[in-house]
Amino acid sequence: MKAYEVKVLGTGMYAPKKIVTNIDLESIVETNDQWIFERTGIRERHICSTEGGEFPTDMALNATRDALKAANLQPNDIDLILFASVTPDVKLPNSATILQVKLGITNNCACLDIAAACSGFVYGFNMASAMIKTGMIKNALIVGSEMLSREVNWKDRNTCILFGDGCGVAIIGRAEEGSDSLVYSSVMSADGTGGEFFDQPVGGSVTPITKEHLDEGSHFMQMKGKEMFKVATRTLAENAQKVITEANLTLADIDWVVPHQANIRIIETTAKLIGVEMDKMIVNIHKYGNTSAATVPIAFHEAIMDGRIKRGNIVLFDAFGAGLTAGATLIKY
Ligand code: UT7
């Protein structure tokens, strides 16, 4: 079987127009700008309009249009859509198929949603690159798009201050002859025994939502922050080290780390554990908060757009989330 190399052909993002600052939150829950910024690094987050036009597949459509332009591709060049989200537009059909129609794709490309929470984009990136490497597909669109504002309890200060809405995408494809872009190594892992640290047990087949749940607010996402924090830093550092070792590279070779943006203190601790200086970590949590599957592709796109990440740079994606899922990827951009 012929092996191909993988190249990031284009990226895009969409941030909802409405911005909610920490100061705005002071009038919603008992909190303050200083606490939120010091404990999380967040200053503001973007929140989708519920009037329409900013639901997860709408954001993905906007972001994908930019990625297609950057990749110099047409919608029908896409062979696979992987849509990572825990807040899809609807339960059925999957968001990837809704996006396929919105993009005007008529080639019947495969469409799959990935429910791996904050690791969803990295899971998608790794799965699509494996399929490109074997020649099974040529170009894949990987989306991380979330409307978490719908699923957080706006009365719970432990969670509502942390999350935001947004979308990031990447189109990856077979690297052309002579290109030195590649995927060196990737890892995906999960430890289901930590599922209860971050869950949303009400609303599924086991416990459909009742009026009582709605009254209590028990149908929203709930998180044990301290437990998540500990596992997050350990796992992010372990997976980063795994992909670097597997690629036969050293820390000095890494130009940029694009970590999941859950908390600036998680990013700082992970950097220390890996042994990377903070100036190599791409950080934008102050502007968007935690947008789950969208954090890595948004941060990646922004760093490409502002010229930090350049062709030939070695970039490490590192994500962790509910499940508990985790994934890392090491690429030459
Ligand atoms: O993307 C998935 C992965 N996500 C994560 O991994 C998140 C990981 N966890 C975290 O980022 C942090 O644990 C949090 C930001 C969620 C919480 O930070 P913390 O330093 O663990 O704070 P804490 O929960 O221990 O709370 C410290 C204090 C408490 O008061 P007392 O008991 O010390 O008097 C809280 O009641 O801060 C209080 N507090 C708040 N105060 C103002 C908790 N939330 C708030 C708030 N505003 N929003």
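Just the heavy atoms: all of them, side chains too, but no hydrogens, waters or symmetry mates, feed the values below. Each ligand, and each atom within it, is numbered from 1 in the order the structure gives.
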Worksheet item: Got a sec, which residues hit salt bridge (charged side-chain N to carboxylate O under 4.0 Å, His left out) with Lys242, two or more places apart in sequence or on another chain?
Response: none

Worksheet entry | By ring-ring contact (aromatic ring centres under 6.0 Å, His included) - contacts of Phe198 (at least two apart) | Phe163

Worksheet entry | Set of residues satisfying ring-ring contact (aromatic ring centres under 6.0 Å, His included) with respect to Tyr288, sequence neighbours excluded | His46

Check ligand 1 against the protein and report each N/O to N/O distance under 3.5 Å, formatted as atom name, atom name, distance.
| unit_1 | atom_1 | unit_2 | atom_2 | d |
| --- | --- | --- | --- | --- |
| ligand 1 | 1 (O) | His260 | NE2 | 2.8 |
| ligand 1 | 1 (O) | Asn290 | ND2 | 2.7 |
| ligand 1 | 9 (N) | Gly225 | O | 3.0 |
| ligand 1 | 11 (O) | Asn263 | ND2 | 2.7 |
| ligand 1 | 13 (O) | Gly225 | O | 3.3 |
| ligand 1 | 18 (O) | Arg265 | NH2 | 3.4 |
| ligand 1 | 20 (O) | Arg39 | NH1 | 2.7 |
| ligand 1 | 20 (O) | Arg265 | NH2 | 3.0 |
| ligand 1 | 21 (O) | Lys226 | NZ | 3.1 |
| ligand 1 | 22 (O) | Arg39 | NH1 | 3.4 |
| ligand 1 | 25 (O) | Lys226 | NZ | 2.5 |
| ligand 1 | 36 (O) | Arg157 | NH2 | 2.9 |
| ligand 1 | 37 (O) | Trp35 | NE1 | 3.1 |
| ligand 1 | 41 (N) | Trp35 | NE1 | 3.4 |
| ligand 1 | 41 (N) | Arg157 | NH1 | 3.4 |
| ligand 1 | 47 (N) | Thr31 | OG1 | 2.7 |
| ligand 1 | 48 (N) | Thr31 | OG1 | 3.2 |
| ligand 1 | 48 (N) | Arg157 | O | 3.1 |

Discussion item. Check this for me: does any side-chain nitrogen of one of Glu302 and Lys287 sit under 4.0 Å from a carboxylate oxygen of the other?
Written reply: yes

Discussion item. Under a 3.5 Å cutoff, is there a donor and acceptor pairing between the side chains of Thr291 and Glu146?
Written reply: no

Worksheet item: Any side-chain heavy atom of Phe125 within less than 4.5 Å of one from Ile172?
Response: yes

